[in-house]
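Worksheet: the structure to be examined is printed underneath.
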Protein chains: 2
Amino acid sequence: MDGNNERLLTPGEVAALFRVDPKTVTRWAASGRITSIRTPGGHRRFRESEVRALLRGDSEAAPEGHPAAS
Amino acid sequence: MDGNNERLLTPGEVAALFRVDPKTVTRWAASGRITSIRTPGGHRRFRESEVRALLRGDSEAAPEGHPAAS
DNA sequence: CCCTAGTCGGGTAATTCGGGCC
DNA sequence: CGTGTCCGAATTACCCGACTAG
């Protein structure tokens, strides 16, 4: 198995998490405030770990990978 | 034995990677947005390297071959 | 040969996209 | 500057029944 078990969220999911409109989430991605993965169709997907870090109030950029309990 | 060690992924695998419906992946292949290999039965299969490049946001899809360090 | 899971095909509703405006 | 809402257009998600993969 690949260690690539990163869960992706849809704009609507992130919008519901942040209590904002999906359009706002799209603007965050356009501003580079959040990592966005684009589907061949043009739709965006967001990393669950990244969104979680933002939700926690982590101003610092979340490091890629797993937050090893150090 | 051709040196073709390319791993092929099923629509369900690609769909899970992009967090989309397997039907959507099939639509990408129908639109020519992704290289699809057809089984004698009509089922589609996708190249692991191609899917990975799409996930990375690489607009330039590797036509084929291995990513030799140039 | 049989079986379970996955995929195929077409059609319709929901969501998202993009730009512009308040 | 950032957010919410408008529009039209594109893309995606779920419905069904039938076939393939292993």
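As the structure is a prediction and not an experimental result, all values here were calculated from the model. Within every chain, numbering begins at 1; the chains are lettered A, B, ... in the order of the sequence lines, protein sequences first and strands thereafter.
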How about A:R52: does its CZ atom have over 12 heavy atoms from other parts shown lying under 6.0 Å from it? no
Where are the stems of DNA chain C, defined as at least 3 consecutive Watson-Crick or wobble G-U pairs with both distances under 3.5 Å? C:3-19 with D:6-22
Okay, side chain of B:T24, backbone of B:V20: is any donor-acceptor separation there less than 3.5 Å? no
Ignoring hydrogens and angles, answer whether the base of D:dG4 and the side-chain atoms of A:R27 contain a donor-acceptor pair closer than 3.5 Å. yes
Give me the distances for all protein-to-nucleotides 7-9 of chain C N/O pairs that come in under 3.5 Å?
| from | atom 1 | to | atom 2 | distance (Å) |
| --- | --- | --- | --- | --- |
| C:dT7 | OP1 | B:T10 | OG1 | 3.3 |
| C:dT7 | OP1 | B:P11 | N | 3.4 |
| C:dT7 | OP1 | B:G12 | N | 2.5 |
| C:dC8 | OP1 | B:R44 | N | 3.2 |
| C:dC8 | OP1 | B:R44 | NH1 | 3.1 |
| C:dC8 | OP2 | B:T26 | OG1 | 2.7 |
| C:dG9 | OP2 | B:R44 | NH1 | 3.1 |
| C:dG9 | OP2 | B:R44 | NH2 | 3.0 |
| C:dG9 | N7 | B:K23 | NZ | 3.3 |
| C:dG9 | O6 | B:K23 | NZ | 3.1 |

Please state whether the phosphate of D:dT11, meaning OP1 or OP2, lies under 4.0 angstrom from any side-chain nitrogen or oxygen of A:T39. no
So, do A:E48 and A:E6 sit near enough that their side-chain heavy atoms are less than 4.5 Å apart? yes
Which atom names give the shortest non-hydrogen contact between B:R33 and B:L54, and what distance separates them? O-CD2, 4.5 Å
Rounded to the Å, how far apart are B:L8 CG and D:dA21 P? 14 Å
For the pair made of CG in A:D21 and P in C:dC21, what is the distance, rounded to whole Å? 20 Å
Would you say a side-chain N or O of B:W28 is under 4.0 Å from OP1 or OP2 of D:dT11? no
For the residue pair B:L9 and B:R45, establish whether any side-chain heavy-atom pair is separated by less than 4.5 Å. no
A:D21 side-chain N/O to A:K23 backbone N/O, donor-acceptor pair under 3.5 Å: no
Closest non-hydrogen atom pair between B:R19 and A:L8, with its separation: CG-O, 3.2 Å
Quick check, are the ring centers of B:W28 and B:F18 under 6.0 angstrom apart? yes
